[in-house]
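Note that the coordinates shown come from a computational prediction; the quantities given were computed from them, not determined experimentally.
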Amino acid sequence: MDKKYLEDLLLKMTLDEKISQMMQLSPIFFKGTEMQGEITGPMEELHLTEEIIRNAGSVLGSSSKKDMLQIQEAHMETNRLGIPLIFMADIIHGHKTIFPIPLALGASFSEEIVGEMARVSALEASASGHHVTFSPMVDLVRDPRWGRVMESTGEDPYLNSRLGAAMVKGYQGENLVDDHTRLAACVKHFAAYGAPQGGREYHTVDMSMREFYQNYLPAYKAALEAGAKMVMTSFNVLDGVPATMNKWLNHDVLRKELGFSGVLISDWGAVKEVINHGTAANTKEAAKGAVLAGVDLEMMTECYITSLKALVESGEVAESLVDEAVMRMLVLKNDLGLFEDPYRGLKVSERTGDILSARNRQAARRVATESAVLLKNNQNILPLSTDQKVAFIGPLAESKDVLGGWVVYGEKSDAVSIYDAFSEKFSETKFVPTDYETISEADYKRAEDAAKDADVIVLCVGEKSEWSGEAASLATIRLPEAQYELCKRIAAANSSVVTVLFNGRPLDIKELVQNSVAVLDVFFPGTEAGNAIFDLLTGKVNPSGKLSMTIPQTTGQIPIFYNELRTGRPKTEQNAGEKYLSQYLDIPNEPLFPFGFGLSYTHFTLTDIKMKKEIAVGESLTVDVTVQNTGECAGSEVVQVYLFDVTASVSRPQKELKAFQKVYLESGEKTTLSFILNEKDFSFYLPDLKIVQEEGIHHVFVGTSSCDAKSFEVRVVR
């Protein structure tokens, strides 16, 4: 429909109808649905009437295509103006076919891989009736105590920016109106949700504005420039004001500076929660603060529906603000083609073949292999040979709990476990599953006996899915002690231990690494977990993942991230042994494994690295590098380019990722890659938020991780 149609529709709406459009409801409120039930607790506090439900604008988390079609049919019959509902859901790393968690996707260092996840997720979710996904989460994360790091692509602004934009494009495609296999994307959480103090969920965020603009804002900006249709507010405060009622953040930054014109939705209950923050006394003040800040859609609390009409009638809130919010909702529905077809083709075509198909599962398998990170491989114990005797031991040896957090629609029963994938592929296998937290002496004995009789032990350890994700913060990032003890005892019985680690966050794994010959971090790989791990351990696929988040030595190092600022008293090789330095007395400063790190079954060399030694302010720098696979098997390498501003007006990070390329090479093959660093890459924010590029010396690092790179000096002159 054209803009005039939407404007005429808005003119016909009563104030009550407009306000109802600004509320998002659960399917539980709609009659005859699978989720309909007794409305209690917070749901009961909404005090919804039939009229409000009839005029609602959107539905959150419907369980099935049948439900969504039924709800939409009834709604179109009763809604006075025939304004269709929009169905939104958490489709985070897959719908029915589950892909690796986003933190693992970050380790792929591949826009193509991340885009494929989003494309298949949209294909399946749209076939089930959904219109919008609450993804991507582009929050920068530096503290693995926060369980929700699993939903981010990591600790680097540049990597998050490129991968967040790739997700948006994968979800939305080129034409949402006509392409019913796509979803609208909602970027979250705006803003700085990934920096809670102490790593504690829903906790306070406090940072300088320069830090916010320099490191936290870029990924949101990139996702919006990719065309994301929606943005979700965060639970936290920023500069003391909750994001949901932060007018500066949502109006000045989001709308004006970033140019976002789409729908801004609150997170679940966030409008009412500003009362708990102490910035509103009641639901009326909460509603006023949120609408003045530009929040268009309230998720699952009643502030707008109970208070907004009175605020408009009293003149405290201009009705024009309500009109702007409702128009943005109407535009989103129009962008999805819902006025032409409220069912987006599901009434005339059966798309069950798009869900959990062999093709989708193959895509998930490939993405999982591209996302795993090989952390250690001493003695070239990997890849395994199928004529070896292998014992699979540990809590994940047979478990199907491999999907990870934020899986709303995927089923564990559809997942491929390690047992499923390996049980008939080797000449001899033995499986000794254990508990995650409590392992009896009898189970230890069974594991030790199996280890003694095997050529190789694959120790399958890690977290349960619910141990990471939302509301899963940890004070200590360790596995249950029984799993470390299991590894120690197994290694004493047979030193040929290959550890496969399942996790939603960086963990304290030093003891596992010490007692293992090889370590493969698979995060939570998703539906095709077992098959992907089989491909990796047997060498059918060569591991190529690189850590998108630093793995610390222990919890006490947190926060630790590669792009930290320098200190006035750094510890160096030259002053080692002195006391009055920035250091720990009991552990090294260095992480266990740095950002960008990941091994391969082959070897790559970087040669003929060329760049100018001097450029003018505003001039781009071209970096050329020849990459050769000097090993015996094919594989992929991620070539990474970092920048360091030696002397600047403000202290600058010791390294910042500015470019990367992932390249596949056969054994002996080589290619030349070119990277272009532009004025933006050399620029930074001053305390007054002015962006500058200064003259001076820079170090350009070219390598295969943040800690394995050759340094070159480049001078910027005027």
Side-chain angles (χ1 to χ4, degrees), residues 1 3 6-7 9-10 13 17-25 55-61 83-91 122 125 130-138 164 167-168 171-172 176-177 182-191 220-221 223-234 243-247 249-251 253-271 287 290-301 303-305 308 320-339 342 344:
M1 300 295 181
K3 184 179 179 181
L6 301 181
E7 291 172 344
L9 195 58
L10 182 64
M13 297 175 72
E17 287 171 333
K18 294 174 187 176
I19 293 171
S20 292
Q21 281 288 317
M22 298 171 69
M23 186 175 194
Q24 184 164 84
L25 298 177
N55 290 313
S58 64
V59 181
L60 168 67
I83 302 173
L85 288 163
I86 189 168
F87 294 92
M88 308 185 189
D90 290 289
I91 315 295
H130 299 288
H131 304 145
V132 175
T133 175
F134 295 132
S135 177
M137 176 177 135
V138 296
M167 279 194 216
V168 171
Y171 287 130
Q172 295 190 168
L176 282 169
V177 172
R182 302 290 182 158
L183 299 172
C186 177
V187 177
K188 61 184 187 184
H189 305 83
F190 199 73
Y220 302 112
K221 184 175 186 291
L224 296 180
E225 288 175 346
K229 296 293 183 181
M230 289 185 66
V231 170
M232 180 184 289
T233 66
S234 53
T244 307
M245 61 180 298
N246 194 319
K247 187 175 181 179
L249 178 65
N250 297 322
H251 185 266
V253 178
L254 181 62
R255 299 290 188 198
K256 286 188 175 180
E257 293 183 30
L258 300 186
F260 179 64
S261 59
V263 172
L264 180 63
I265 184 173
S266 78
D267 207 335
W268 182 296
V271 173
V291 77
L292 290 178
V295 175
D296 303 315
L297 191 56
E298 180 181 11
M299 186 192 294
M300 293 307 299
T301 47
C303 302
Y304 281 3
I305 208 71
L308 196 48
S320 60
L321 289 179
V322 174
D323 289 348
E324 289 175 11
V326 175
M327 179 55 75
R328 284 191 281 264
M329 282 291 295
L330 297 178
V331 168
L332 176 60
K333 294 178 181 185
N334 195 47
D335 287 347
L336 284 158
L338 292 175
F339 287 105
R344 298 193 82 218

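Take A125 and apply the side-chain contact (heavy atoms from CB on, under 4.5 Å) test, not counting sequence neighbours, and it matches I91, H95, H130, L183. With sequence neighbours left out, E225 forms a side chain to side chain donor-acceptor pair (under 3.5 Å) with K221. Residues passing the side chain to side chain donor-acceptor pair (under 3.5 Å) test with Y220 are D139, sequence neighbours excluded.
Atom CE of M1 sits about 14.5 Å away from atom CD of E7, to the nearest 0.5 Å. The CZ atom of F260 sits 6.0 Å away from the CG atom of L224 when rounded to the nearest 0.5 Å. To the nearest 0.5 Å, atoms CE (M13) and CG (L330) are separated by 6.0 Å. Expressed to the nearest 0.5 Å, how far CG of N55 lies from CE of M23 amounts to 12.5 Å. For the atom pair S266 OG and M22 CE, the distance stands at 10.5 Å (nearest 0.5 Å).
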- [ ] Kindly determine whether E17 and I83 satisfy side-chain contact (heavy atoms from CB on, under 4.5 Å), including the steps that lead there.
- [x] CA-CA 10 Å; E17 287 171 333; I83 302 173; over 6 Å; no
TODO: List the steps, then state whether side-chain contact (heavy atoms from CB on, under 4.5 Å) holds for K229 with V132.
DONE: CA-CA 9 Å; K229 296 293 183 181; V132 175; over 6 Å; no
- [ ] Could you please spell out the steps behind the side-chain contact (heavy atoms from CB on, under 4.5 Å) verdict for M88 and M299?
- [x] CA-CA 11 Å; M88 308 185 189; M299 186 192 294; over 6 Å; no
Task: Verdict with supporting geometry, T244 and T233, side-chain hydrogen bond (donor to acceptor under 3.5 Å, both in side chains) - done: CA-CA 6 Å; T244 307; T233 66; 3.1 Å; yes
Task: Residues R255, D296; criterion salt bridge (Lys or Arg N to Asp or Glu O under 4.0 Å); working and verdict - done: CA-CA 12 Å; R255 299 290 188 198; D296 303 315; 3.0 Å; yes
- [ ] Verify side-chain contact (heavy atoms from CB on, under 4.5 Å) between Y304 and V322, making sure each step is shown before the conclusion.
- [x] CA-CA 10 Å; Y304 281 3; V322 174; over 6 Å; no
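Nearest heavy-atom pair across V168 and G227 is CG1-C, 4.1 Å. Across all their heavy atoms, V326 and K18 have their closest contact at CG2-O, 3.4 Å. The minimum heavy-atom distance between L338 and L85, with the atom names listed, is CD1-O, 3.7 Å. A pairwise comparison of heavy atoms in G164 and V138 identifies CA-CG1, 4.0 Å as the closest pair. Minimum interatomic distance between V187 and A228 (heavy atoms only, all atoms of both residues): CG2-CB, 3.4 Å. Nearest heavy atoms, A293 versus M245: CB-C, 3.6 Å.
Screening K188, M232, M300 for a side-chain contact (heavy atoms from CB on, under 4.5 Å) with D267, the sole residue that qualifies is M232. Each of L297, N334, L10 was checked for a side-chain contact (heavy atoms from CB on, under 4.5 Å) with M329, and the lone residue meeting it is L297.
Side chain of K333 to main chain of P84: a donor-acceptor pair is present (N/O by atom type, distance under 3.5 Å, no hydrogens or angles). Using a distance-only test at 3.5 Å, with no hydrogens or angles considered, a donor-acceptor pair links the side chain of R344 to the main chain of L336. Of the possible polar contacts, none joining the E298 side chain to the V271 backbone as a donor-acceptor pair under 3.5 Å is found.
When side chains are defined from C-beta on, F190 counts as touching V253, because their heavy atoms get closer than 4.5 Å. Between I305 and S20, some side-chain heavy-atom pair lies under the 4.5 Å cut-off.
At a cut-off of 3.5 Å, with distance as the only test, a side-chain donor of Q24 or S58 sits close to an acceptor on the other residue.
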